[in-house]
Structure formats: C-alpha cells, structure tokens
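In what follows, a single structure is set out as structure tokens and then discussed.
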Amino acid sequence: MSSIDQLIANTIREDVRAIGSYHVPDASGYIKLDAMENPYQLPEALRLELGARLADAALNRYPVASYRTVKDKIRERMGVPAGYDVLLGNGSDELISIMATAVARQDRRAVVMAPVPGFVMFYRSAQFAGADFVGVPLKPDFSLDREAMLAAIEKHKPSLVFLAYPNNPTGNLFDADDMEALIRALGEDGIAVVDEAYQPFAQQSFMGRLPEFPNLVVMRTLSKLGLAGIRLGYLSGHAALLEQFEKVRPPYNVNVLTQVAAEFALDHIAILDRQAESINAERARLAAALAALPGVEVFPSAANFISLRVPDADRTCARLHAEKVLIKNLSKMHALLANCIRVTVSTPEENDQFLTALKAALK
Ligand SMILES: *Cc1c(COP(=O)(O)O)cnc(C)c1O
C-alpha cells in the first residue's frame with residue numbers, strides 16, 4: 001500500500017471510503033436534460049444591469065451577517081407568514097445538512113426519515129451527520145404509504161422527516177391530508193421538513209400553513225426557479241427553531257455575489273414566474289406526447305421534470321446518450337423505479353429534440 005493509501009485508511013472514515021464519487025457527467029456538446037435546470041437566462045438588458053450591481057458588490061468585505069435585505073425580500077415575495085423567520089443556505093443542500101447535523105445527538109442515535117425513492121441528499125446528510133436514515137417505500141403509484149409512514153414514525157421516533165413536495169425523482173405531489181397526518185403524528189417529537197424545491201412549478205405549498213404546525217419547516221431554493229448557479233436555499237419556520245439551526249450554519253455561508261444576484265432576481269421575480277409558466281405549458285405538451293408512445297408509462301408531474309417507464313431504461317439511456325441527449329436513468333435507484341428515466345422539461349426546441357431522439361431510441 002502506498003503511503004497516501006495508508007494515510008487515507010488511517011484517517012478517513014470507512015463509510016466515506018466505501019462511497020463511490022458523485023459522478024456529474026461532462027455535458028459539453030449535450031442537450032442537458034438531467035439536472036432540472038431552467039433552460040432560460042434572464043433577458044440581456046437585465047443581465048447587463050445585474051452585471052453593474054455585481055460590480056458594485058463589496059468583494060473585500062465579509063457578507064453582512066444578518067442577510068437582512070435578501071431575507072426581507074424572500075419574506076415579502078415568497079409568502080412567508082408574518083412572524084416566521086428565514087434561514088439561508090448555500091443551496092438547500094446545505095440546509096438539509098445543517099438540520100441533520102442539528103438533530104444528530106450523541107447520547108443515542110437520532111433517526112432521519114423520508115419516503116423512498118426520494119432525494120439522495122436526505123440520506124447522505126443523515127449518514128454524514130451520524131444519524132440513522134430510515135427510508136419508507138412509497139406505494140407503486142408513488143403516493144405516500146400513510147399507514148407505513150405512521151407505523152415507522154411510531155417505531156423509530158424520527159427527529160427529522162423530509163417530505164419533498166413535489167417529490168424528486170417521481171415528480172408527484174403527495175396527498176396533503178396524508179402529509180398533515182404525518183406532521184401531526186410527529187408532534188413534539190419530530191420536525192417535519194416540507195421540501196418545496198419545485199414549488200414554482202407546483203402551485204401548491206405548505207408555506208401558508210406554517211402557523212398550523214409548530215413542528216413544520218418549509219424549505220425552498222432558487223435553483224429550479226432558474227438560478228441553480230448562485231446556490232441559494234431558504235428555510236422558513238418558527239423563529240425559536242430556526243435559531244437553533246442558525247447555530248450550526250457556517251456564519252458567512254451565502255457569499256456577497258449570491259446575495260446581490262438573489263436580491264436582483266427577487267426584484268424581477270415576475271420574469272422567472274413567466275419562465276416557470278412556459279415550462280409548465282411545455283410539461284403538459286411533453287407529457288401528452290410521451291404518453292402517446294407505445295410501451296411508455298408517464299407519471300404525473302407537478303415539477304419541471306417528467307419521470308417515465310420505458311421497456312429497457314439502460315438501452316434507452318445509452319441510445320439517447322449517443323444522440324447527445326443527457327437524461328437520468330433512475331432504474332438502479334430503487335426497486336419501484338425499475339426501467340424508469342427522468343427528463344427535465346426544457347425549451348420547446350430541446351423538448352422536440354428529446355422526443356425525436358427518444359422515438360428513435362425506443363425502436
Ligand atoms: C434539486 C433539489 C434540491 C436541491 O436544491 P439546491 O438548492 O440546488 O441545493 C433540494 N431538494 C430536492 C427535492 C431537489 O430535487
């Protein structure tokens with residue numbers, strides 16, 4: 001063994017060594033439909049204006065620690081109920097990890113729970129924080145298994161339960177009454193995190209319902225709305241609870257460029273909302289075209305992606321890849337996702353290119 005291998009074996013924890021590296025494929029030259037990005041940029045005039053604002057940002061200074069302006073804009077524009085606080089993350093990925101860290105107590109193993117298949121960061125963050133992750137399978141139609149979730153809550157007493165609304169990678173909205181039953185069952189023993197990363201495409205939200213449930217927090221991100229590159233997530237909930245998470249947050253986790261860009265985008269939120277509307281219209285068109293293909297099963301989506309089942313997902317993905325179209329093969333993620341693939345809804349042109357390539361791939 002070389003000395004660097006020995007060093008790694010002696011220092012890095014075994015469960016980290018055992019994980020394969022997170023592989024992000026090189027997308028240059030590809031139609032990129034694998035990461036739920038908004039295909040549109042801000043209009044040119046606005047980009048120039050943003051450039052000027054960024055030029056004025058004080059890069060020599062640490063960010064203003066309170067993040068007051070951007071938080072106020074989020075409160076105003078995103079329907080945060082009066083009196084509820086906002087916590088900012090370097091993407092909502094960081095918020096997930098902050099929450100997992102905050103609950104991973106030392107005196108007994110804490111449990112983090114989520115329905116599966118779900119967002120991989122729920123599981124990973126729990127693991128890295130030193131908590132146990134319990135995944136409760138969805139039903140085959142991807143709806144919540146309310147009874148199984150209630151039984152798992154009773155048995156494992158999770159400190160944190162993640163519910164993605166809509167869910168990734170399946171795309172559907174869970175039944176709101178089922179969610180309410182779970183949030184109530186957690187009561188004073190567990191925090192329910194409703195992850196609304198896809199809220200701009202869903203028109204459904206638990207944000208306005210925060211006052212009904214003291215143990216509820218609602219998490220969102222600007223990523224899927226069209227600003228994946230700036231990395232800004234936010235979490236809303238009872239101020240006393242967020243104050244605890246604040247202690248775990250690295251003090252200057254959101255950088256000044258992100259802060260300026262986010263404030264600018266929030267001032268022009270109507271443009272992003274219009275982009276989301278056109279993506280929703282394309283989602284309906286794409287879903288209908290996919291449903292008309294023989295051998296294809298399309299799952300309902302309230303997000304900016306569509307999940308579908310094809311006869312042979314590995315073959316379909318390989319063929320699409322050869323045609324320079326990147327999508328996500330979900331087959332290996334979970335037994336419920338056998339032969340499923342996930343495609344981001346993009347511009348009409350890219351959606352057509354995908355449809356053409358898919359039709360050829362299915363032949
Ligand atoms: C994409 C996604 C996120 C991550 O968002 P970032 O803010 O970009 O870190 C969180 N939750 C779900 C369910 C997602 O699909």
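First listed ligand is number 1; within each ligand, the first listed atom is number 1.
- With sequence neighbours left out, the side chain to side chain donor-acceptor pair (under 3.5 Å) criterion links Ser205 to Glu196, Arg220.
- A salt bridge between Asp189 and Lys157 is absent, with no side-chain N of the basic residue lying under 4.0 Å from a carboxylate O of the acidic one.
- When the salt bridge (charged side-chain N to carboxylate O under 4.0 Å, His left out) test is applied to Glu350, no partner is found at least two apart in sequence or on another chain.
- The immediate protein surroundings of ligand 1, defined as residues with any heavy atom under 4.0 Å of it, consist of Gly91, Ser92, Asp93, Phe119, Asn168, Asp195, Ala197, Tyr198, Thr221, Ser223, Lys224, Arg231.
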Open item on the list: Determine whether Arg105 and Asp107 satisfy the following criterion, salt bridge (charged side-chain N to carboxylate O under 4.0 Å, His left out), listing intermediate values before the conclusion.
Closed with: CA-CA 6 Å; Arg105 53 197 298 152; Asp107 54 339; 2.7 Å; yes
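- For the side chain to side chain donor-acceptor pair (under 3.5 Å) test, no residue two or more places apart in sequence or in another chain qualifies with Asp145.
- The pair Asp177-Arg146 does not count as a salt bridge, with every side-chain nitrogen at least 4.0 angstrom from each carboxylate oxygen.
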